[in-house]
Amino acid sequence: MIVLGISAYYHDSGVALIKDEKIIAAVQEERFTRKKQDDGFPKESIKYCLEEAGITLDEVDYIAFYDKPFIKFERLLETYLSEAPKGFKSFAMSIPVWLKDKLFLKETLSKELKKLYLELNPNKDKEAKAFKSAVQEKFMFGEHHQSHAASAFYPSPYEEAAILTIDGVGEWTTTSLAYGAGNRIEFLKEINFPHSLGLLYSAFTYYTGFKVNSGEYKVMGLAPYGEPKYVDMIKEHIIDIKEDGSFQLDMSYFNYTTGLTMTSKKFHKLFGEPAKERESTLTQREMDLAASIQVITEEVMIKLALNAKEVTGSANLCLAGGVALNCVGNGKLLRENIFENIWIQPAAGDSGGALGAAYAVYYQELQNKRTINPNELDKMQGAYLGPKFSDEEIKTYLDSVGAKYDHYSDEDELIEVVSDVLVANKVIGWHYDRMEFGPRSLGHRSIIGDARSQEMQSTMNLKIKYRESFRPFAPSVLAEKVSEWYEIETPSPYMLLVADVKKSKQIEMTKEQEALFGIEKLNIPRSEIPAVTHVDYSARIQTVHKETNLRYHKLLSKFDEKTGCPTVVNTSFNVRGEPIVCTPEDSYRCFMRTEMDTLVIDNFVLYKADQPDFTDDSNWQDEFELD
Amino acid sequence: MSMIKELWAFMKSRKKFWLAPIIIIMLLLGVLIVLAQGTAVAPFIYTLF
């Protein structure tokens, strides 16, 4: 049985194709169109998934969509009505979009699929018409949080588990607690719009001058520079948190229900200033605000988890929804030891909903048996579910642009050479095999460097990624050695858990250094691996496993053999605002546009100094909108 | 026709018949707006979608 899951028309479109229980492919549309968080119909992703599965469009048995547009529309209407005549401007802007594209989604999707059918089968107009009627019978629509919950539980390694989904908003639900057992998921509790932890975090993201729906992770990264001095004020005025983790927002502080901004004048009055302009200089105040909202988020997450434990009695917890990408919160949750095991869907945002929708159809609707393979970490295959390219394809491209390269047919030789480059403190673009699904680069489309280097963080931020200097970098570490370097015992293959660098590896701050504030702490060496140690000694860890990423594991092992350090810096292979690279062409272009030293594409190694002059057909700063 | 059927099924299952007059008027207005504008541009705040 083949189920195609689609998430689209909201933000970050994605597609997943499952064949029975196995994920054949999963990918985000932005990687093909090169438009960050592309929310359009994911045509290229569908084409790729079909190609990977070796099937045609009409061989798909079911098409699962990840949310229910009518119920979402109902929320919009009821919200506008409850606040009318306020919000007319936003109403007048959004309703035409809804009526045109989003409401009658079955029709919109079948039209798009018919177009795709014709593109793949030119001159078959008659068959295309029959295909369109047939495809309408194949659609199934799951609820937004059902899709998130399914994406968290079904691919997890647990027979049964409590499931928490927390995000901005779906149809009505913003937070849900469910219990999964075998092939069933039962919803137990939910919190509805407008009370939303995700939107509260987004409101502070907006207020501190970052872009809503993409700058949230910057707020999380900024938090350790600040003091959580606004926590009491937020609790007193803005959010009422109950013991069971449920919460209520005072909506007079917000403007997102019907306005065109996240926060209201009352919010600005409370904090004494209007919202910060985008791209303006960060002050200690923004850092303190970030620290405060992070503390509030963690408190709610922990209380929700305690309640989930009490209600379900399970030893396992599965998490998904945008807030599950808050890896600092996840790390705290882990250390609270509420659950014995925690599994987080690597594509926890909306693109992952495509996978959840597909699995929900397969297990919940069609009642197929769910099996767990004890030899697998989970069903995600390391999240390496995207396109890969053959040596021939890579060579053809590289030759077409006159690139100079060395080709290695012996993997050990390649590892020897690349590890030497790493030891020499060079920055490497590392493109290997299938691309990752979800927002994290996990050693298949990564930029890597020596974590021991004191200058690596600022070099990577300012010369390679062209992004804000305060942004921290994450480490990849050999799974077997993680607890020698970090305060964590569990695997974290998807870079979704934060833990401290091991005490023995930390460098204590002097009294003068401790007295420094915020961003001033950035240049103090904090550990033996300063490039991946945040100012509060924490690190967002990716454990590298032989089972899912053998070549990267070999590279880290060789680096460890040469330096005694089994951990490297791993950041996504892109520049600021650009979707992560997908093809050899994307990788080469990104390599040539930045001050990266070396590029490795599968078995090809390229050195910057050897390359011909690169004429850029466009300026990346114009091409990509800053995130 | 299938769209009207879908709308009816939705209102029936959600027991929200009181939304019917609003939706009908909006659909009529919406057709006018869409026809007049040609394209519809979405505002940026994501809760709307």
Side-chain angles (χ1 to χ4, degrees), chain A residues 9-12 37 39 67-81 87 89-107 110 133 136 168-169 171 174 193-194 196 198-199 202 206 211-214 254-262 322 350, chain B:
Chain A
Y9 302 119
Y10 196 32
H11 46 80
D12 203 9
Q37 294 192 332
D39 62 357
D67 74 4
K68 296 196 174 193
F70 279 115
I71 304 180
K72 216 183 246 181
F73 189 61
E74 170 196 303
R75 165 179 47 92
L76 286 184
L77 276 187
E78 288 189 24
T79 308
Y80 282 127
L81 276 175
K89 199 175 163 193
S90 138
F91 174 82
M93 283 168 90
S94 62
I95 294 303
V97 183
W98 265 89
L99 296 175
K100 193 163 177 265
D101 294 322
K102 298 182 184 230
L103 186 57
F104 300 103
L105 214 53
K106 216 169 170 178
E107 185 59 26
S110 49
S133 343
Q136 292 208 332
V169 62
E171 290 86 3
T174 66
F193 184 82
S196 162
L199 292 175
S202 293
Y206 166 79
K211 190 175 173 183
V212 170
N213 206 27
S214 74
F254 301 95
N255 194 30
Y256 59 75
T257 50
T258 51
L260 298 177
T261 58
M262 290 301 288
D350 279 0
Chain B
M1 196 61 199
S2 68
M3 291 180 189
I4 294 166
K5 269 191 200 159
E6 271 183 61
L7 264 177
W8 177 252
F10 154 72
M11 284 187 280
K12 213 169 137 189
S13 74
R14 301 280 296 173
K15 296 190 177 58
K16 298 244 168 146
F17 295 105
W18 62 271
L19 282 175
I22 304 165
I23 293 179
I24 291 165
I25 290 170
M26 272 190 12
L27 279 176
L28 293 173
L29 277 175
V31 170
L32 279 177
I33 294 170
V34 171
L35 287 177
Q37 277 193 178
T39 57
V41 181
F44 80 98
I45 295 292
Y46 83 158
T47 54
L48 294 171
F49 310 105

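Reminder, nothing fancy here: chain letters follow the sequence lines and each chain counts from 1.
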To the nearest 0.5 Å, how far apart are CG in Leu19(B) and CZ in Phe73(A)?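 Answer rounded to 0.5 Å: 9.0 Å.
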All side chain to side chain donor-acceptor pair (under 3.5 Å) counterparts of [X], not counting sequence neighbours:
X         : answer
Ser110(A) : Gln136(A)
Lys106(A) : none
Asn255(A) : Thr261(A)

Can you tell which of Ile71(A), Leu81(A), Leu77(A), Leu103(A) has the highest number of heavy-atom pairs within less than 4.5 Å of chain B?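 Heavy-atom pairs under 4.5 Å are most numerous for Ile71(A).
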Within residues 4-12 of chain B, which residues come under 4.5 Å of chain A, heavy atom to heavy atom? Glu6(B), Leu7(B), Phe10(B)
